[in-house]
Amino acid sequence: MAIYEGLPRAIPEDVGMSTSRLERIAPVMQRWVDAGKIPCALTMIAREGRLVHFEKFGTQDVASAKPVDFDTIFRIYSMTKPITSIAVMMLYEQGHFQLGTPVSELIPAFKDMQAYTEGGADIVDAENEMTVKHLLTHTSGLIYGGEGDHPIHQRYSDANYYRGDLAYMAQELGKIPLLHHPGAAWNYGMSTDVLGYLVEVVSGMPFEEYLKTHIFNPLGMNDTAFSVPEEKADRYATLYEPAEDGGIQVIENAPVSSGPLSFFHSGGAGLQSTAADYLRFCQMLLNDGELDGVRLLGRKTVELIRMNHISDDWQPLERTGCGFGLGFAVVTDVAETQGPSSLGTYSWGGLASTTFWIDPVEELIGILMTQLIGNSPFHAQFRVLTYQAIAN
């Protein structure tokens, strides 16, 4: 097995896939590159623990025309969140806390939290404690902040929580009222960043060290970290965004970065990785917590992680037909997703248009890597092209 491939190769037909139908992927992805809409793409498909498709398109840096390669390193942004969530669940399995444990018992900064009333007119005491499960499911009342009239957005902007370490971030977030009472709604935000600090507190290890020692090294994820070493800098993809002329342009200062090759040790968005590394992480989950003789989680814990834990009335980031598990979106109604899938498929993506999904019914993993902060219509196309290649 080549190191950059992540898993052993298989002839597609040996695992119920069609070689000729997989060949439909290349021209579609190449069209996006040729049109100047994306700089590059790596598409990756594994079934039954074997790699059946791994192709590359375009350049990791347009100006130098350096081709993207199978070992190119990408900013995976929010694909950090599932990794952080697994770290939390590993500590959960060790008996350090329960899902219903109040966060304040582990991080005192979140004791006696307050919450905004609807519209932000008033601030009141939170009706209940924020729990570990609220953080894992993004129902904590923490958000990312942004633009809008609600006063919480200015509070988040003023906090500038990425200027210090994880402890500083938690202290600052603990001072800001929650958007809503814990458990009252689903809102994407800093919940997983707080989980990164929780890992530090509970394990007694720096967050990055815990991930490296207990996840990356055991799984052989040798190119996954919060920074890219100088000796690997030539493998690091350039980050782009849509330009006014319809093409793409370089983003000089990447969000959450702390330097040209490093990122804030954020539980929600800080990791850099390769497609092969992330495939190994996904395959561990598809194997119910084990890969190549290394077990990170028990089977029943993985089952708990991939269940829907939120109200049917809430749609994570407008993903119709999906609920949310403990760190992942989960398909609850295939028809409502308006695309091929299976019940219980779990997934997430990153700000720079990276994405993955794990389908336990079909024993299928799909991964797409590129570096574009903006619209990602090619994600749905890639999923259709993957599922249409299943022969049996």
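Side-chain atoms are counted along with the backbone in the values below, which use heavy atoms only and exclude waters and symmetry mates.
Between R235 and D69 no salt bridge is recorded (no basic side-chain N to carboxylate O distance below 4.0 Å). Using a cutoff of 4.0 Å between basic side-chain nitrogens and carboxylate oxygens, E209 and K212 are not scored as salt-bridged.
No donor-acceptor distance shorter than 3.5 angstrom exists from the side chain of Q98 to the backbone of T101, with no hydrogens or angles considered. The main-chain N or O of L326 is never found under 3.5 Å from a side-chain atom of T137 such that the two would form a donor-acceptor pair. A donor-acceptor contact shorter than 3.5 Å is absent between the side chain of H153 and the backbone of G148. Not one N or O on the side chain of Y156 forms a donor-acceptor pair closer than 3.5 Å with the backbone of I176. Side-chain N or O atoms of E93 include none that pairs as donor or acceptor with a backbone N or O of V88 at under 3.5 Å. Side chain of T131 to backbone of H134: a donor-acceptor contact under 3.5 angstrom is found. With hydrogens and angles ignored, the 3.5 Å screen pairs no side-chain donor or acceptor of E363 with any backbone N or O of P360. Side-chain atoms of D333 come within 3.5 Å of backbone N or O of A335 as a donor-acceptor pair. Side chain of T213 to main chain of Y210: no donor-acceptor pair is present (N/O by atom type, distance under 3.5 Å, no hydrogens or angles).
Classification of the F328-Y346 ring pair by plane angle, with boundaries at 30° and 60°, yields perpendicular. Using cut-offs of 30° and 60° on the angle between ring planes, the pair Y77 and F263 is perpendicular. Under the 30°/60° scheme for interplanar angles, the aromatic rings of W357 and Y387 are found to lie parallel. Classification of the W348-F324 ring pair by plane angle, with boundaries at 30° and 60°, yields perpendicular.
When all heavy atoms of M29 and L368 are compared, the closest pair comes out as CE-CD1, 3.8 Å. Closest of all the heavy-atom pairs between P316 and C322 is CD-O, 3.3 Å. Closest non-hydrogen pair, A276 versus E5, comes out as CB-C, 3.8 Å. Residues R47 and G16 come closest through the heavy atom pair NH1-O, 3.2 Å. Here the shortest heavy-atom pairing between L239 and A352 reads CD1-CB, 3.7 Å. Heavy atoms only, all atoms of each residue included: H181 and A126 are closest at ND1-CA, 3.6 Å.
Linking Ile, Leu, Val, Met, Phe, Trp and Tyr whenever their side-chain heavy atoms come within less than 4.5 Å leaves I390 and L286 in two separate clusters. I367 and L42 fall within the same hydrophobic cluster, where Ile, Leu, Val, Met, Phe, Trp and Tyr residues are linked whenever their side-chain heavy atoms come under 4.5 Å apart, directly or through other members.
Side-chain contact check for Q315 and W186: no donor-acceptor pair (N or O, by modelled atom type) lies under 3.5 Å. Under the 3.5 Å distance criterion, with hydrogens and angles disregarded, a donor-acceptor pair is assigned to the side chains of S78 and K81. Counted by atom type alone, S342 and D359 present one or more donor-acceptor pairs between their side chains at under 3.5 Å. A donor and an acceptor atom, one from each side chain of T332 and N308, are nowhere located under 3.5 Å apart. A side-chain donor-acceptor contact under 3.5 Å links S258 and S262. Judged purely by distance below 3.5 Å, without hydrogens or angles, the side chains of S140 and S191 pair a donor atom with an acceptor atom. Using modelled atom types and a 3.5 Å distance limit, the side chains of K133 and Y92 yield no donor-acceptor pair. Residues E13 and S18 bring no donor and acceptor atom of their side chains to less than 3.5 Å of each other. E129 and S104 are linked by a side-chain donor-acceptor pair at a separation below 3.5 angstrom, with hydrogens and angles left out of the test. In this structure, a donor-acceptor pair under 3.5 Å is absent between the side chains of Y240 and Q249. For the residue pair D61/S64, the side-chain donor-acceptor check at 3.5 Å is satisfied. Of the N and O atoms on the side chains of D223 and T274, not one donor lies less than 3.5 Å from an acceptor on the other residue. Side-chain contact of T320 with E336: a donor-acceptor pair under 3.5 Å is absent, judged by distance alone.
The shortest distance between side-chain heavy atoms of I83 and I86 does not fall below 4.5 Å. A 4.5 Å side-chain heavy-atom check between F356 and I365 finds every atom pair outside the cut-off. Side-chain contact between V52 and V15 is present, with at least one heavy-atom pair separated by less than 4.5 Å.
Environment of CD in E231: crowded, with over 12 heavy atoms of neighbouring residues, nucleotides or ligands closer than 6.0 Å. Residue E147 places its CD atom among 12 or fewer non-hydrogen atoms of other residues, nucleotides or ligands, all under 6.0 Å distant. The number of heavy atoms from other shown groups lying within 6.0 Å of CG (D312) does not exceed 12.
Considering K300, R299, R306 in turn, R306 is the only one that fulfils the salt bridge (charged side-chain N to carboxylate O under 4.0 Å, His left out) rule with D288.
Taking a 4.5 Å side-chain heavy-atom cut-off between Ile, Leu, Val, Met, Phe, Trp and Tyr, the cluster of L343 extends to V331, V334.
The side chain to side chain contact (heavy atoms under 4.5 Å, CB included) check on S376 picks up S353, F378, H379, with sequence neighbours excluded.
Atoms CG and NE2, on L166 and H265 in that order, are 8.5 Å from each other to the nearest 0.5 Å. To the nearest 0.5 Å, atoms CD1 (I248) and NZ (K37) are separated by 10.0 Å. Between the CG atom of N222 and the CZ atom of R280 there is a distance of 9.0 Å, given to the nearest 0.5 Å. Taking CG from N187 and NE2 from H138, the interatomic distance works out to 10.5 Å, rounded to the nearest 0.5 Å. The CZ atom of F97 sits 12.0 Å away from the CD atom of E105 when rounded to the nearest 0.5 Å. With rounding to the nearest 0.5 Å, the separation of CZ in R75 from CE in M369 is 12.5 Å.
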